[in-house]
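For reference, the structure is listed below as structure tokens.
Here, residue 1 is the first one in the sequence, and each next residue gets the next number. Remember, it's a predicted structure, so these values are computed and weren't measured experimentally. Both ligands and their constituent atoms are indexed starting at 1 by order of listing.
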Amino acid sequence: MLLVFGSLNVDLVFEVEHLPAPGETVLTAGYTRLAGGKGANQAAAAAKAGAAVRMAGAVGNDGLASIATAGLEEAGVDLGLVRRREVPTGLAVIGVERSGENSIIVAAGANATVRSADVADADLVAARTLLLQNEVPFDQSLDLALRAKRQGVRVVWNMAPAKRLDAAALGAIDVLVVNAGELRMVAGADGEPLALGRGLSGGHGLDVVVTLGGEGALVVTPESAGRLPALPVQVVDTTGAGDAFTGCLAASLDEGGSLDVAARRAAVAGALSCTALGAQAAQPRASRIDEGLALLPPMQPLTVS
Ligand code: RIB
């Protein structure tokens, strides 16, 4: 079972010709209200990819709560550890421009009330894999990661939004998932993704998966490195592509897949998730991921230069 500890939001999605520059106002005809939040997006993606998923998090005591959980219910995620708190539900305002590029502002709301103690030890050890992101309080995620590590539960952490990590935090992670900008922030250094990934992986004994958008992904372990190409798709909206990637990666690992196999499935899920508006709408189910896998070229091994 995969336990996802993280955020649930409602996304207000505005389709615009171009994203506003600082000080600029742009007009559009309307907006769409969709389920979102990095935690919920990843939980939904993992369930659609075939994993048994339980979500731990919080929504508010307002009318947005049912929208935030709707996609999870539809995907078959267990919501037994999603609390209802006397604050507003988390809310994101998302602009999506014609190219599919987006910009996002998130108000944490109930996500700020999430605590490691919300997950009892019995619930933690019932999981094989714990999946984290950074839209709930970081100290609570770290506490839960350290508890998971002590219990032998695998920790997959999508460091988004990014945060500089010390050795203790890096030591709590089995698989780190980041994009290139997040990788620089985590490492606290500039440099090529491959070199930074190797430094973190070799230095702290963890696997590092770097998503590179249309350039594919890097998969770095202490012993090896490889580059996965991207699956070409017609991009409508890139919102949640990293979440679809991460959710599918964690699902495949939880089901016993190797890191290479999990990353291939994740690359397909991430690409396909960009083909419709919204973070959860185009997340593929296992059968579509399998079809896409047949079209994805193999991983290229990378040697040290
Ligand atoms: O990663 C995309 C997500 O980021 C959106 O669904 C939004 O809610 C923000 O959390």
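Which parts of ligand 1 touch Asp11 is read off a 4.0 Å heavy-atom cut-off, strictly below it: atoms 5 (C), 6 (O), 7 (C), 8 (O). Contact atoms of ligand 1 toward Glu135: 4 (O), 9 (C), 10 (O) (distance under 4.0 Å to a heavy atom of the residue). Heavy-atom proximity to Gly36, at under 4.0 Å, picks out these atoms of ligand 1: 6 (O), 8 (O). Heavy-atom proximity to Ala92, at under 4.0 Å, picks out these atoms of ligand 1: 7 (C), 8 (O). Atoms of ligand 1 found under 4.0 Å from any heavy atom of Asp243, numbered from 1 in the order shown, are 1 (O), 2 (C), 3 (C).
Distances between N or O atoms of Thr239 and those of ligand 1 include no value under 3.5 Å.
The existence of a salt bridge linking Arg115 and Asp143 is excluded, since no basic side-chain nitrogen approaches an acidic carboxylate oxygen closer than 4.0 Å. A salt bridge does not link Arg154 with Asp174: every distance from a Lys NZ or Arg NE/NH1/NH2 to an Asp or Glu carboxylate oxygen is 4.0 Å or more. Look at Arg85 and Asp62 and you find no salt bridge, because none of the NZ, NE, NH1 or NH2 atoms lies under 4.0 Å from a carboxylate O. A salt bridge links Asp121 with Arg147: the closest approach of a Lys/Arg side-chain nitrogen to an acidic carboxylate oxygen falls below 4.0 angstrom.
Linking ILVMFWY side-chain heavy atoms closer than 4.5 Å, directly or via other members, places Leu206 and Leu253 in two distinct hydrophobic clusters.
The closest approach between Ser7 and ligand 1 stays at or above 4.0 Å for every heavy atom of the residue.
Closest to atom 3 (C) of ligand 1 among all protein heavy atoms lies Asn41 ND2, 3.6 Å. The nearest protein atom to atom 4 (O) of ligand 1, hydrogens excluded, is given as Lys38 NZ, 3.3 Å; this is a heavy-atom distance.
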Can you give each donor-acceptor pair under 3.5 Å made by side-chain atoms of residues 179-192, sequence neighbours left out, with the distance rounded to 0.1 Å?
residue : atom : partner : partner atom : Å
Asn179  : OD1  : Gly181  : N            : 3.1
Asn179  : OD1  : Glu182  : N            : 2.8
Asn179  : ND2  : Glu182  : OE2          : 3.4
Glu182  : OE1  : Asn179  : N            : 2.8

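Remark: Glu15 engages no residue in a side-chain hydrogen bond (donor to acceptor under 3.5 Å, both in side chains) (not counting sequence neighbours).
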